[in-house]
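Everything on this sheet refers to the single structure shown next.
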Number of protein chains: 2
Amino acid sequence: MQDVARRAGVAPMTVSNVVNGHPHVREATRARVLEAIAELGYHLNTAARSLRQGRTGVIGLAISDFSNAYFGLLAGFVAERAAAHGYEVLVEQIGQRREGEVDAIARSRLRKFDGLILHSTELADRDSAMLRSSYPIVVMGERAYSDPIDHVSMGNEDGALMATRHLIERGCRRIALIGGRHGAPDDIDVSTQRTRGYLRALDEHGIDRSNGLVLETPLHCEGGRSSAHAVVEHPGGVDGIFCATDEVAIGTLRALYERGIRVPNDIKVIGFDAIPVGSYTAPSLSTVEPDHEGMADAAVRLLIERLQGDRPEDEYREIVGGARLLIRESTAVSSPF
Amino acid sequence: MQDVARRAGVAPMTVSNVVNGHPHVREATRARVLEAIAELGYHLNTAARSLRQGRTGVIGLAISDFSNAYFGLLAGFVAERAAAHGYEVLVEQIGQRREGEVDAIARSRLRKFDGLILHSTELADRDSAMLRSSYPIVVMGERAYSDPIDHVSMGNEDGALMATRHLIERGCRRIALIGGRHGAPDDIDVSTQRTRGYLRALDEHGIDRSNGLVLETPLHCEGGRSSAHAVVEHPGGVDGIFCATDEVAIGTLRALYERGIRVPNDIKVIGFDAIPVGSYTAPSLSTVEPDHEGMADAAVRLLIERLQGDRPEDEYREIVGGARLLIRESTAVSSPF
DNA sequence: CTGAAAGCGCTAACAG
DNA sequence: CTGTTAGCGCTTTCAG
């Protein structure tokens with residue numbers, strides 16, 4: 001910047017003013033400076049600027065796994081909302097291991113970003129103490145914390161309730177849950193929360209909680225496939241399957257296809273997450289669509305309030321995103337084809 | 001750091017040595033420093049370190065769209081390879097618009113990262129001049145450049161050749177290409193390159209290039225679906241469809257399902273990219289699997305060679321990744337179910 | 001509208 | 001093994 005200033009015959013400060021588009025620079029001066037910049041191939045040094053300004057203009061988004069369609073959706077929305085507030089988003093993959101998340105928090109303290117949106121999957125309650133630094137963090141995901149913290153979660157239980165009710169309304173009485181889990185009362189990961197909604201719907205309608213119809217399995221396609229093969233052999237039979245995620249549901253549809261079981265005629269299937277490919281499965285997948293966009297917006301807003309000190313340090317917010325039913329062919333009365 | 005040093009009764013430099021794990025610090029001193037750090041809640045300031053060191057330890061990965069399964073795969077591999085070299089990866093979404101890519105390049109020059117892996121989709125040849133700064137960039141993607149540059153591309157033409165040959169070997173003679181494009185000779189995006197491989201296979205086997213069997217369409221599910229609906233009404237009939245991407249293929253399978261056309265019995269379908277969900281479609285999707293991992297590895301290696309000055313400034317590399325056939329049910333002789 | 005001075009927090013280099 | 005010095009490149013502040 002010094003070199004540019006010398007070349008343009010101005011002070012470094014003027015170069016800075018030009019680079020930052022400050023208004024009070026005479027047109028002729030600006031032109032000379034820009035010319036000098038071009039001639040010298042000068043580029044602003046971000047590290048120096050950040051050091052001086054004490055901010056980076058970047059929000060970090062830490063997610064567990066790039067190759068999950070759900071995170072792709074979310075990241076896109078977060079980036080868009082942040083841009084609207086003048087922030088850039090950089091995404092970091094932290095892996096599903098707990099160490100990764102703790103790592104991300106530790107690194108975030110290095111102030112590489114102005115703040116962090118942490119999409120937690122495996123972060124245990126006891127780690128939340130780490131989040132209690134003054135560093136601005138918003139946690140997204142299905143885990144609740146006893147420590148106060150800004151948190152955006154999904155309407156998991158309500159969504160699962162809606163999905164299961166929908167199956168019941170369509171006449172299903174022997175409804176399996178693939179990817180569920182009977183956890184401890186304070187256990188609130190995706191599986192346990194969605195299981196609660198499922199059980200509430202059954203109770204509501206006076207349907208027995210038959211043993212063996214809640215299958216615990218990893219929440220991906222293969223988990224769904226193998227569990228579906230198992231569940232259709234349940235002695236009491238099955239006429240509806242609620243899958244804890246769309247990926248699980250895709251694996252389930254696959255298993256039923258392999259066995260020649262017709263969906264929705266023989267068994268109805270519903271998922272959760274509304275990943276895009278669900279419109280194109282055969283049959284297309286009924287599902288619960290969380291308000292991804294609203295949640296991304298909320299997370300960004302909470303973080304930016306923090307960054308700008310718009311909220312007292314010790315005041316935290318808990319936001320639960322909405323969810324709505326997306327009814328497609330896999331829960332139709334009978335197949336349209 | 002000064003405060004920590006004062007508290008621990010040492011010089012700032014010693015604090016730095018402790019923080020960075022340098023070996024020559026007495027155990028007692030280290031302990032005192034760590035204690036002071038904990039007491040004061042001190043955190044290293046990354047901006048200052050980067051300014052001083054002239055490096056950030058971060059590689060940027062600019063991709064066009066988070067919500068594409070292919071990019072998720074790639075990003076995961078890139079992150080892993082970079083970590084092996086002691087670099088962290090931050091991912092930036094730049095959108096599919098050309099402006100976005102130029103933007104990313106411009107911003108990259110701000111030296112936010114030590115180097116950039118740019119996965120281009122719409123970057124035109126004329127923009128490649130922008131890449132000719134001394135800033136370390138590796139371009140990935142299906143576009144070639146006349147300007148010299150480090151470039152990792154995919155074996156698109158060979159992959160398409162293999163896919164189409166495979167359909168022919170399975171007895172198809174009326175083979176459509178959905179998502180293809182007859183471009184200018186120097187036009188080398190995904191669609192045109194894959195079209196070339198397709199045409200070569202037809203020529204090889206003396207099969208006519210029937211009019212109307214190459215359909216240009218956006219490379220996503222809906223593009224595949226609507227084009228498939230159109231192509232099956234082709235007067236000459238169709239017995240095989242090569243889809244330019246797996247997403248297109250998923251849309252195609254969907255359209256055939258809607259029409260009650262059996263795959264593979266009536267029409268065989270093959271895709272390209274090997275996205276994970278392709279194993280779970282009904283029928284499962286035969287496809288071309290590019291060596292994603294090898295390409296990610298190559299890109300990281302090229303970039304790090306640059307960062308470390310292991311290669312003369314004016315020496316550039318062009319690496320083409322391999323591809324292999326993944327044969328599943330959608331091109332079987334007849335359905336196993 | 002432009003400039004001079006000062007310092008953000010860190011670490012390379014070298015001295016003790 | 002520990003300390004001193006200096007400066008990375010920028011922008012805030014205040015003075016012209």
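Residue numbers begin at 1 in each chain, while the letters A, B, ... track the order of the sequences.
The residues A:D3 and A:R7 are annotated as not salt-bridged, no charged nitrogen and carboxylate oxygen being separated by less than 4.0 angstrom. Using a cutoff of 4.0 Å between basic side-chain nitrogens and carboxylate oxygens, A:E35 and A:R32 are not scored as salt-bridged.
Nucleic acid contact for B:T29: sugar-phosphate only, since backbone atoms but no base atoms lie under 4.0 Å from a heavy atom of the residue. When heavy atoms are screened at a 4.0 angstrom cut-off, A:N20 is found touching the sugar-phosphate backbone but no base atom.
The shortest side-chain heavy-atom distance between A:F113 and B:L90 falls under the 4.5 Å cut-off. You'll find the side chain of A:N20 reaches within 4.5 Å of the side chain of A:R49, heavy atoms only.
Of the candidates C:dT11, C:dT2, D:dG3, the closest approach to any side-chain atom of B:M1 belongs to C:dT11. Among the nucleotides C:dT11, D:dT11, C:dT2, the one closest to any side-chain atom of A:L44 is D:dT11.
As rounded to whole Å, 11 Å separates atom C1' of D:dT12 from atom CG of A:N17. Taking atom CG of residue A:L51 and atom C1' of nucleotide C:dA6, one finds them 13 Å apart after rounding to whole Å. When rounded to the nearest whole Å, the span between CD of B:Q2 and P of C:dC8 equals 9 Å. Rounded to whole Å, the distance from NE2 on B:H22 to P on C:dC10 is 14 Å. Taking atom CZ of B:R32 as the reference point, atom C1' of D:dT2 lies 11 Å away to the nearest angstrom. For the pair B:R52 CZ and C:dG7 C1', the interatomic distance rounds to 15 Å; values are reported in whole Å. The nearest whole Å value for the distance from the CZ atom in B:R49 to the C1' atom in D:dC10 is 20 Å. Atom-to-atom, NZ of B:K112 to C1' of D:dG9 comes out at 16 Å; the value is rounded to the nearest Å.
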Yes or no on ring pair (Phe, Tyr, Trp, His ring centres under 6.0 Å) for B:Y70 and B:H292, after CA distance, side-chain angles and deciding distance? CA-CA 9 Å; B:Y70 164 75; B:H292 296 298; 5.3 Å; yes

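Closest-nucleotide positions on DNA chain D for B:Q53 and A:M13 were compared, and the one nearer the 5' end corresponds to B:Q53.
Taking only side-chain nitrogens and oxygens, A:S16 comes nearer than 4.0 Å to OP1 or OP2 of D:dT11. For B:R26 and D:dT2, the shortest distance from a side-chain N or O to OP1 or OP2 is below 4.0 Å. Residue A:T14 places none of its side-chain N or O atoms closer than 4.0 Å to OP1 or OP2 of C:dC1.
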